[in-house]
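Every number for a ligand or one of its atoms is a count from 1 in the order of the listing.
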Amino acid sequence: MATTVDGDASIPQRRRLVTAVPGPRSRQLEQRRSSAVASGVSSMLPLYVAQASGAVLVDVDGNSLIDLGSGIAVVGVGHAAPRVVEAVETQVRAFTHTCFMVTPYESYVAVCEELNSLTPGSHAKRSALFNSGAEAVENAVKIARHATGRQAVVVFDHAYHGRTNLTMALTAKNMPYKDRFGPFAPEIYRAPMSYPFRDPELMNGEAAAERAIAMIESQVGALNVACVLVEPIQGEGGFVVPAPGFLASLASWCTAHGALFVADEIQTGFARTGDWFACEHEGVVPDLITTAKGIAGGLPLAGVTGRAEIMDSVHAGGLGGTYGGNPVACAAALGSIATMRELDLPGAARRIGAVVGERLAKLKVSSPLVGDSRGRGAMQAIELVRPGTREPDAGAARAVADRCHAEGVVVLTCGTYGNVIRLLPPLVISDGLLAEGLDVLAGAVESHGS
Ligand SMILES: *Cc1c(COP(=O)(O)O)cnc(C)c1O
């Protein structure tokens with residue numbers, strides 16, 4: 001291997017390219033991959049990682065890249081966060097698995113206690129742990145149906161909730177998530193989202209909620225609704241920030257009609273948006289909340305947290321799974337949450353949001369390619385359009401992302417129309433590295449097409 005792997009987690013926090021990206025070793029591995037790995041599993045940037053720390057990835061060719069994606073909002077605490085590494089090492093030596101449903105252990109309980117106290121609302125709560133975001137969403141739906149005795153689940157345009165059978169049905173976008181993977185689960189109803197940039201007549205969140213509620217009442221029937229499931233800021237769907245009042249209006253409609261309001265905070269949670277959870281921004285208190293991505297510094301873990309009487313309505317044995325709340329993942333989560341507290345990562349996300357938000361807003365003024373800039377905290381995006389229109393330009397987003405990658409900055413694309421470039425930097429990124437990453441992005445946008 002060309003890179004230095006010397007046991008020291010802290011590799012220099014700098015961008016430095018020594019080959020083209022991807023380099024020759026990555027290209028070799030990519031070839032090997034093509035005859036071993038199913039082609040349905042694809043990679044945005046086929047650069048093979050050797051090591052990572054903080055906000056920097058080092059690839060097998062020795063290139064150092066600035067990571068503005070955090071493995072899709074997972075390593076908010078940074079790659080190889082010291083407390084996470086330490087907790088995992090200690091736990092691996094102690095034991096790696098017993099199955100919590102067979103013989104339990106303390107760290108599972110401690111993670112649930114943290115979830116119960118960190119999530120919005122001071123009511124009594126309970127949590128259950130799972131392996132992936134999709135699994136958490138599936139379980140939230142199971143619990144909501146069981147607790148209400150109702151079946152209908154309301155989701156929104158542009159929603160993303162996962163790739164399992166039930167969560168494919170909940171997800172909006174056909175390609176690549178759903179195409180020819182049906183049939184899908186029944187009793188899922190899709191309501192219109194509040195999407196201010198694409199919905200300029202409905203900039204008022206209450207009015208956008210009324211439009212959704214009218215659809216629910218006429219097409220589903222209020223008394224059939226088990227839950228309304230929504231991402232407080234949509235992730236894969238394009239970093240869509242609903243107009244203020246949208247979430248609160250939906251939540252109060254749910255309360256009035258005995259339906260549960262379920263916030264999918266899998267991408268927005270754990271300090272990402274400047275609060276521990278994005279719902280806090282508007283004082284919305286969900287009945288159930290799903291978490292995953294940012295929870296455990298990179299180890300697979302997910303949770304459902306909710307009102308005690310709802311969570312405890314399920315019979316013993318009704319929830320669980322072999323690996324759910326694996327002890328190594330729980331140790332990582334405790335290390336990760338401790339890091340977020342110690343370093344005040346919600347505060348860091350707000351500072352990142354101010355810097356990135358201002359930079360992207362400037363880019364919107366200077367480049368006709370940028371139709372909208374939006375986000376909250378360290379979850380920010382630009383939506384690219386054909387100049388002078390709102391017509392999505394996915395090709396431009398792809399080209400701008402490719403240019404950033406070639407220059408050693410990892411950015412992600414997203415959006416129903418594939419035309420959004422999203423930034424999800426590790427919350428521990430230095431000001432200097434963040435500014436350098438933004439310079440590269442701005443350069444790529446401004447030079448596009450010229
Ligand atoms: C990523 C994501 C999921 C699915 O999580 P997986 O761990 O990939 O199953 C669900 N909801 C939201 C909002 C997500 O961003």
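For atom 2 (C) of ligand 1, the closest non-hydrogen atom on the protein side is Lys293 NZ, 2.5 Å. Of the protein's non-hydrogen atoms, the one nearest atom 9 (O) of ligand 1 is Ala134 N, 2.8 Å. The protein non-hydrogen atom at the shortest distance from atom 11 (N) of ligand 1 is Asp264 OD2, 2.7 Å.
A salt bridge is defined here as a Lys NZ or Arg NE, NH1 or NH2 lying under 4.0 Å from an Asp or Glu carboxylate O, and Arg198 with Glu383 meets this definition.
Note on ligand 1: Gly235 sits outside its first shell, no heavy atom being nearer than 4.0 Å.
Of the listed options Gly162, Ser132, Gly133, Gly133 places a heavy atom closest to atom 5 (O) of ligand 1.
Applying the side chain to side chain donor-acceptor pair (under 3.5 Å) rule to Asn116 yields the partners Ser127; only residues at least two apart in sequence or on another chain are considered. In this structure Glu342 satisfies the side chain to side chain donor-acceptor pair (under 3.5 Å) test together with Arg83, sequence neighbours excluded.
Taking the six-membered ring where the residue is Trp, Tyr105 and Phe100 present perpendicular rings, their angle passing 60° and hence far from 30°.
For ligand 1, none of its N or O atoms has an N or O atom of Glu231 under 3.5 Å away.
Between Lys173 atom NZ and Cys414 atom SG the span is 8.0 Å, to the nearest 0.5 Å.
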